[in-house]
Amino acid sequence: MFGHDPRELAAVFVGGALGTLARAGLETLLAPDPGRWPWPTFCVNIVGAFLLGYFTTRLLERLPVSSYRRPLLGTGFCGGLTTFSTMQVETITMIEHGHWALAAGYTAASIVAGLLAVVIGTAVVRRVSVRA
């Protein structure tokens, strides 16, 4: 199938399904209002960024090479959990409702907090001693 290992694609599919279900559940429980901070999307994006930094560093630097862990956890789970497109739609909706400052703050905070979360996730792995 296009030169890809079907098991690798299955790992992406399973991870993506689990991440998407987690995000959808949170969004259903805490539906955002265009005049307020969209906490569900913000939280899943920051948690997803942290997990991506953690998983990527751990998988590349601490564990034996695996063809399926990174597609399952990084591409699949973190890709399904996080949602840049929802962040964009929420930002546009804020702007359409005249909440310019909220939209600008949300966008800036999402980018800064996401990058910081990746750095922290990476640092957490690198500070743990390697067991022989």
Side-chain angles (χ1 to χ4, degrees):
M1 180 191 253
F2 305 111
H4 291 285
D5 180 348
R7 294 171 295 185
E8 185 177 337
L9 294 174
V12 172
F13 176 80
V14 169
L18 293 172
T20 301
L21 287 171
R23 176 177 38 89
L26 187 60
E27 291 278 347
T28 301
L29 290 172
L30 305 167
D33 173 346
R36 297 187 180 185
W37 194 271
W39 286 108
T41 304
F42 183 78
C43 289
V44 296
N45 284 342
I46 303 314
V47 168
F50 172 84
L51 291 174
L52 189 59
Y54 179 87
F55 290 148
T56 300
T57 306
R58 183 154 174 81
L59 294 173
L60 291 175
E61 297 179 9
R62 299 285 193 244
L63 296 175
V65 175
S66 166
S67 299
Y68 310 111
R69 287 185 195 128
R70 222 164 110 192
L72 174 73
L73 298 171
T75 306
F77 184 77
C78 290
L81 179 65
T82 60
T83 176
F84 184 70
S85 58
T86 300
M87 186 192 109
Q88 290 177 323
V89 169
E90 289 168 345
T91 302
I92 295 299
T93 303
M94 289 175 201
I95 292 168
E96 289 174 344
H97 285 88
H99 303 291
W100 289 86
L102 182 63
Y106 176 51
T107 301
S110 294
I111 292 168
V112 171
L115 290 172
L116 185 58
V118 170
V119 169
I120 292 169
T122 299
V124 165
V125 173
R126 290 184 176 157
R127 288 180 189 252
V128 175
S129 63
V130 179
R131 296 179 192 186

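These numbers come from the heavy atoms of this one structure, side chains and all, not from hydrogens, waters or symmetry mates. Worth saying up front: this structure is predicted, and the values here are computed from it rather than measured.
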* **Cluster check V119, V47: I/L/V/M/F/W/Y, side chain < 4.5 angstrom** => no
* Asked: Are I46 and F55 linked, directly or through other ILVMFWY residues, by side chains that come within less than 4.5 angstrom of each other?
  -> no
* Structure fact -> Note: R23 and T83 closest approach over all heavy atoms is CD-CG2, 3.3 Å
* To do: Under 4.5 Å between side-chain heavy atoms, chaining through other members, with only Ile, Leu, Val, Met, Phe, Trp and Tyr counted: pull out the rest of the cluster around I111, sorted by chain and number.
  => L115
* Asked: Given a cutoff of under 4.5 Å between side-chain heavy atoms of I, L, V, M, F, W and Y, with clusters grown through shared members, what are the other residues clustered with I92?
  -> none
* Taking the side chain as C-beta and beyond, is there a heavy-atom pair between W100 and I95 under 4.5 Å? -> yes
* Structure fact -> Those residues at least two apart in sequence (or on a different chain) that pass salt bridge (Lys or Arg N to Asp or Glu O under 4.0 Å) with R7 are D5
* Drop me the distance from F50's CZ to N45's CG, to the nearest 0.5 angstrom. => 15.5 Å
* **Minimum-distance pair of heavy atoms, taken over all atoms of M94 and R36** => CE-O, 4.3 Å
* To do: Show which residues join V118 in its hydrophobic cluster (side-chain heavy-atom contacts under 4.5 Å, direct or indirect), or state none.
  => none
* Partners passing ring-ring contact (aromatic ring centres under 6.0 Å, His included) against F42 (at least two apart in sequence or in another chain) -> W37, W39
Distance-only criterion, 3.5 Å: show the donor-acceptor pairs between side-chain atoms of residues 69-76 and protein atoms not counting sequence neighbours.
unit_1, atom_1, unit_2, atom_2, d
R69, NH1, P64, O, 2.9

* Structure fact -> dist I120:CD1 -> Y54:OH (nearest 0.5 Å) comes out at 14.5 Å
* Could you pull out the closest heavy-atom pair between L51 and C78, with the gap in Å? => CB-SG, 3.8 Å
* Minimum-distance pair of heavy atoms, taken over all atoms of T82 and A49 -> CG2-N, 4.3 Å
* To do: Could you walk me through whether E90 and T86 pass side chain to side chain contact (heavy atoms under 4.5 Å, CB included), step by step?
  => CA-CA 6 Å; E90 289 168 345; T86 300; 3.5 Å; yes
* Roughly how far, to the nearest 0.5 Å, is OG1 of T93 from CG of L102? -> 11.0 Å
* To do: Can you measure from CZ (F77) to CG (L21) and round to the nearest 0.5 angstrom?
  => 10.0 Å
